[in-house]
Amino acid sequence: MANAMLHQTVGTLQHLSNSGIHCEVGSNSVRLFPKGLKVEVGFSKRGTYISGEKKFSVIEASASQTSVVDPILSPSNNNTPESRKKSNEAALILIRHGESLWNEKNLFTGCVDVPLTKKGVEEAIEAGKRISNIPVDMIYTSALIRAQMTAMLAMTQHRRRKVPIIMHNESEQARTWSQIYSEDTLKQSIPVIAAWQLNERMYGELQGLNKQETADRFGKEKVHEWRRSYDIPPPNGESLEMCAQRAVAYFKDNIEPQLVSGKNVMIAAHGNSLRSIIMYLDKLTSQEVISLELSTGIPMLYIFKGGKFIRRGSPVAPTEAGVYAYTRRLAQYRQKLDEMLH
């Protein structure tokens with residue numbers, strides 16, 4: 001347990017003579033008790049939990065929570081911080097949600113919380129098949145159900161068979177009631193963080209309107225300007241620039257540090273929030289990003305290494321072998337999955 005948490009945690013570690021290991025991560029702290037299999041998670045606003053319970057691991061839902069390391073990715077030998085730093089490489093998977101009920105009806109959706117259609121469910125499952133051999137340690141989604149459904153359905157196809165679990169931080173009670181008390185269960189879980197900053201662009205007074213009827217009413221050129229310009233918002237809505245400000249800031253502050261620490265991350269979100277993030281990853285101009293199109297349910301793969309993001313396209317394009325040929329680590333992960341499952 002100690003090795004697992006050490007591998008996944010970025011912070012300051014201190015050995016305690018009688019009480020295991022104490023780890024500080026920013027304003028949070030984790031205390032590990034190897035013999036009793038007890039984990040204390042403390043938050044600065046509340047102090048550190050004190051407990052003498054044994055035989056359980058208590059893990060609270062927290063946006064800063066880190067997942068237990070996958071043993072497939074963490075060989076027991078040569079697992080020092082220095083060796084990890086030298087070999088740090090992480091996969092970043094981006095998936096636009098599958099077709100929603102309002103996509104089907106040709107309505108402006110924006111931040112209205114609409115579920116997937118049957119086709120959208122199938123797209124999410126197909127996306128999961130395409131990433132089934134790529135490691136996933138953490139999942140980020142928007143606060144909207146269509147993105148969360150996409151993430152959850154995709155993970156049902158992953159060969160590692162870990163269970164995605166949504167972290168609840170909306171209240172003290174939600175955090176307390178969503179604790180995990182099993183070491184084994186924790187090892188087979190993936191934390192899912194839902195963040196409104198990854199929501200679709202807010203379309204203001206266009207939300208719920210039929211796209212064709214709106215074009216007939218206001219004119220094609222005006223509607224095209226609202227939809228495809230970078231800095232012109234629809235009435236009382238967000239421009240792509242405004243959406244990018246919140247989405248990219250969240251990515252830099254919360255997701256990129258996970259990649260730097262070596263965690264493999266999947267983001268299931270929306271056309272405009274993902275375009276914004278891709279603009280940052282690929283260093284696109286405002287003119288280049290407005291012409292960027294993302295298909296629903298088609299994963300995009302990036303490799304983060306040496307402080308750089310390298311785009312690999314979809315994990316099945318042009319060929320799966322071509323994707324895995326780029327990084328030895330991903331090829332080794334798939335080989336170990338094959339060995340474990342056969």
Side-chain angles (χ1 to χ4, degrees), residues 94-124 127 140-153 170 193-251 255 267-282 284-300:
L94 307 180
I95 305 179
R96 182 185 176 189
H97 66 80
E99 181 189 66
S100 75
L101 287 168
W102 276 15
N103 291 147
E104 183 183 48
K105 294 179 180 294
N106 200 32
L107 304 180
F108 285 101
T109 309
C111 287
V112 179
D113 209 358
V114 178
L116 300 179
T117 61
K118 180 181 178 182
K119 177 183 176 182
V121 169
E122 293 170 350
E123 288 176 330
Y140 289 84
T141 79
S142 75
L144 302 176
I145 190 65
R146 57 191 185 273
Q148 295 178 18
M149 287 177 70
T150 298
M152 295 301 200
L153 288 167
E170 53 268 29
I193 312 299
W196 70 267
Q197 292 91 335
L198 299 176
N199 280 10
E200 178 58 287
R201 172 183 167 194
M202 201 277 280
Y203 270 101
E205 295 176 16
L206 300 186
Q207 292 183 168
L209 301 184
N210 180 277
K211 292 177 182 178
Q212 183 58 52
E213 292 175 358
T214 305
D216 294 340
R217 176 182 175 187
F218 294 100
K220 286 185 177 181
E221 290 186 3
K222 174 57 69 176
V223 173
H224 181 78
E225 182 180 66
W226 286 334
R227 295 185 66 189
R228 291 305 180 194
S229 65
Y230 182 68
D231 55 1
I232 300 175
N236 294 316
E238 282 186 310
S239 64
L240 178 56
E241 181 181 34
M242 296 162 71
C243 177
Q245 287 174 350
R246 58 172 165 85
V248 173
Y250 184 84
F251 181 88
I255 300 175
I267 303 175
H270 309 265
N272 285 295
S273 54
L274 289 177
R275 287 164 72 202
S276 301
I277 291 171
I278 291 170
M279 181 182 181
Y280 168 68
L281 300 179
D282 290 350
L284 302 180
T285 66
S286 58
Q287 289 302 308
E288 289 172 328
V289 74
I290 60 176
S291 62
L292 179 64
E293 294 289 346
L294 300 179
S295 300
T296 55
I298 303 296
M300 291 183 63

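To the nearest 0.5 Å, the span separating CG on Leu209 from CG on Leu107 amounts to 8.0 Å. The OG1 atom of Thr285 lies 8.0 Å from the CD1 atom of Ile290; values are rounded to the nearest 0.5 Å. Rounded to the nearest 0.5 angstrom, Leu94 CG and Phe251 CZ are separated by 7.5 Å.
Two residues are said to be in side-chain contact when any heavy atoms from C-beta on lie closer than 4.5 Å; Leu284 and Ile278 meet this criterion. Residues Val248 and Met279 are not in side-chain contact: their nearest non-hydrogen atoms beyond the backbone lie 4.5 Å or more apart. Proximity of Ile277 to Ile255: side-chain heavy atoms (C-beta onward) are nowhere separated by under 4.5 Å. Between Asn103 and His97, the closest side-chain pair of non-hydrogen atoms falls below 4.5 Å. A heavy-atom distance below 4.5 Å is found between the side chains of Tyr140 and Tyr250.
Taking a cutoff of 4.0 Å between a charged side-chain nitrogen and a carboxylate oxygen, Glu225 and Lys220 do not qualify as a salt bridge.
Distance alone, capped at 3.5 Å, places no donor-acceptor pair between the Thr109 side chain and the Val112 backbone. Remark: the backbone N or O of Ile298 is not paired with any side-chain donor or acceptor of Ser295 at under 3.5 angstrom. For Arg96 (side chain) and Leu294 (main-chain N/O), a donor-acceptor pair under 3.5 Å exists by modelled atom type. One N or O on the side chain of Arg275 and one on the backbone of Leu292 form a donor-acceptor pair closer than 3.5 Å. For Glu213 (side chain) and Asn210 (main-chain N/O), no donor-acceptor pair under 3.5 Å exists by modelled atom type. The backbone N or O of Ile145 sits less than 3.5 Å from a side-chain atom of Asp113, completing a donor-acceptor pair. In terms of modelled atom types and a separation under 3.5 Å, the side chain of Ser273 and the main chain of Leu198 share a donor-acceptor contact. At least one donor-acceptor pair closer than 3.5 Å links the side chain of Arg201 to the backbone N or O of Glu238. The backbone N or O of Gln197 lies less than 3.5 Å from a partner atom in the side chain of Arg246, making a donor-acceptor pair. In this structure a side-chain-to-backbone donor-acceptor pair under 3.5 Å is present from Gln207 to Tyr203.
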- Apply side chain to side chain contact (heavy atoms under 4.5 Å, CB included) to Gln287 and Tyr230, showing your working. CA-CA 8 Å; Gln287 289 302 308; Tyr230 182 68; 5.7 Å; no
- Message: Is there a side chain to side chain contact (heavy atoms under 4.5 Å, CB included) between Leu240 and Ile232? Walk through the geometry before answering.
- Response: CA-CA 8 Å; Leu240 178 56; Ile232 300 175; over 6 Å; no
- Any chance you could lay out the side-chain hydrogen bond (donor to acceptor under 3.5 Å, both in side chains) test for Ser142 and His270, step after step, and finish with the verdict? CA-CA 8 Å; Ser142 75; His270 309 265; 2.7 Å; yes
- Message: side chain to side chain contact (heavy atoms under 4.5 Å, CB included), that's the test. Do Val223 and Lys211 meet it? Break it down for me.
- Response: CA-CA 9 Å; Val223 173; Lys211 292 177 182 178; over 6 Å; no
- Task: Evaluate side-chain hydrogen bond (donor to acceptor under 3.5 Å, both in side chains) for Thr296 paired with Glu99, printing each intermediate quantity in order.
- Result: CA-CA 6 Å; Thr296 55; Glu99 181 189 66; over 6 Å; no
- Query: Run the side chain to side chain contact (heavy atoms under 4.5 Å, CB included) check on Leu274 and Ile267 step by step: do they pass?
  - Reply: CA-CA 9 Å; Leu274 289 177; Ile267 303 175; 4.1 Å; yes
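For the pair Ser100 and Arg146, the tightest heavy-atom approach, listed with the atom from each and the gap, is CB-CD, 3.9 Å. Summarising the geometry of Cys243 relative to Asn199, their closest heavy-atom pair is SG-O, 4.3 Å, with the distance given to 0.1 Å. Between Pro233 and Ser239, the shortest heavy-atom contact is CB-N, 3.5 Å. Taking both residues in full, the closest heavy atoms of Leu116 and Gly98 are given as CD2-O, 3.2 Å, listed atom of the first, atom of the second, then distance. Here the closest non-hydrogen pair linking Ala151 and Thr141 is CB-CG2, 3.7 Å. Across all their heavy atoms, Leu144 and Glu200 have their closest contact at CD1-N, 4.1 Å.
By the 30° and 60° cut-offs, the orientation of the rings of Phe218 relative to Trp226 is perpendicular.
Other residues, nucleotides and ligands contribute at most 12 non-hydrogen atoms within 6.0 Å of the NZ atom of Lys119. Within a 6.0 Å radius of CZ in Arg217, no more than 12 heavy atoms belonging to other residues, nucleotides or ligands are found.
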